[in-house]
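Report on the structure given below.
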Amino acid sequence: MEKEEKYRLLTTQIKALVEGETDRVSIMANVSAAIHEAMSFFWTGFYVVQGDELHLGPFQGSVACMHIPFGRGVCGTAWQRRKTVIVPDVEEFPGHIACSNLSRSEIVVPVFDAAGTVTAVLDIDSRDLNTFDETDKKWLEEIVGII
């Protein structure tokens, strides 16, 4: 199955998963699990804004960094810029925070509340270089828009 079709099915599944649900942790837990399982990524999860840091939220994968400062690493940069960041090779990203040396490429998508404030980021890592592209960006931004 092609990537586009996987995302189309995944988005439908996520809409059904979160419909009527108001608990933020439950939503993030199921969304990270659904993405991780459908797309077979290395690490899939959320970091939640708390003050001037991102704190580890629900995720699927190996252990992870628990605190990321505003503007630091890929996650903190996506939060600061308020836009999706795609990193083809994490070794070439200035200030990359290596939670795992197995991660080779990454995409981070900011999650906005109704007022337009970044409340979390969706962080996805791959063991392969150049995993993420505009297709991932488009669909993952749609998914975070659902939640």
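Since this is a predicted model, take the numbers as computed values, not measurements. For this chain, numbers begin at 1 and follow the sequence in order.
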Problem set entry | Atom CD of Glu4: over 12 foreign heavy atoms under 6.0 Å | yes
Problem set entry | Over 12 non-hydrogen atoms of neighbours within 6.0 angstrom of CD in Glu2 | no
Do you reckon [X] sits in the same ILVMFWY cluster as [Y], going by side-chain contacts under 4.5 Å, direct or chained?
{"X": "Phe59", "Y": "Met28", "answer": "no"}
{"X": "Met39", "Y": "Ile14", "answer": "yes"}
{"X": "Leu56", "Y": "Leu54", "answer": "yes"}
{"X": "Tyr7", "Y": "Ile146", "answer": "yes"}
{"X": "Trp139", "Y": "Ile86", "answer": "yes"}

Problem set entry | Test: Lys3 and Asp133 ion pair at under 4.0 Å | yes
Problem set entry | Electrostatic pair Lys137:Glu141 at N-O distance under 4.0 angstrom |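 Answer for the salt bridge query: yes.
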Exercise. What's the verdict on side chain to side chain contact (heavy atoms under 4.5 Å, CB included) for Val31 and Ile143, showing C-alpha distance, side-chain angles and the deciding distance?
Worked result: CA-CA 8 Å; Val31 168; Ile143 287 168; 4.0 Å; yes
Out of curiosity, [X] [atom1] to [Y] [atom2], how far, rounded to the nearest 0.5 Å?
{"X": "Glu37", "Y": "Ile35", "atom1": "CD", "atom2": "CD1", "result": "12.0 Å"}
{"X": "Thr84", "Y": "Leu140", "atom1": "OG1", "atom2": "CG", "result": "8.0 Å"}
{"X": "Thr131", "Y": "Asp89", "atom1": "OG1", "atom2": "CG", "result": "10.5 Å"}

For this session: Quick one: do Ser105 and Val87 satisfy side chain to side chain contact (heavy atoms under 4.5 Å, CB included)? Show the steps, please.
Result: CA-CA 6 Å; Ser105 60; Val87 181; 5.9 Å; no
Compare every heavy atom of [Y] with every heavy atom of [X], then report the nearest pair and how far apart it is.
{"X": "Arg82", "Y": "Gly116", "answer": "NH2-O, 2.8 Å"}
{"X": "Ala78", "Y": "Pro110", "answer": "O-CG, 4.1 Å"}
{"X": "Ala38", "Y": "Lys6", "answer": "O-CD, 3.9 Å"}
{"X": "Val90", "Y": "Ser103", "answer": "CG2-O, 3.3 Å"}

Exercise. Hey, mind stepping through Lys15 and Glu142 against side chain to side chain contact (heavy atoms under 4.5 Å, CB included) and telling me if it holds?
Worked result: CA-CA 10 Å; Lys15 285 177 184 174; Glu142 183 170 332; 4.2 Å; yes
Below 3.5 Å, can you tabulate the donor-acceptor pairs from side chains in residues 44-53 to any protein atom, sequence neighbours excluded?
unit_1	atom_1	unit_2	atom_2	d
Thr44	OG1	His36	ND1	2.9
Tyr47	OH	Cys65	O	2.8
Gln50	OE1	His55	ND1	3.1
Glu53	OE1	His55	NE2	3.1
Glu53	OE1	His67	ND1	3.3

Problem set entry | Set of residues satisfying ring-ring contact (aromatic ring centres under 6.0 Å, His included) with respect to Phe41, sequence neighbours excluded | Phe132
Exercise. Can you list the residues that meet the ring-ring contact (aromatic ring centres under 6.0 Å, His included) rule with Phe112, with sequence neighbours excluded?
Worked result: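 Listed in chain order: nothing, the list is empty.
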For this session: For the pair Trp43 and Glu106, evaluate side-chain hydrogen bond (donor to acceptor under 3.5 Å, both in side chains) and give the outcome as yes or no after the intermediate values.
Result: CA-CA 9 Å; Trp43 196 94; Glu106 186 170 1; over 6 Å; no
Exercise. Taking side chain as C-beta onward, heavy atoms only, is Asp125 less than 4.5 Å from Asp123?
Worked result: yes
For this session: Given side chain to side chain contact (heavy atoms under 4.5 Å, CB included), test Ile107 with Val85 step by step and report yes or no.
Result: CA-CA 6 Å; Ile107 186 169; Val85 176; over 6 Å; no
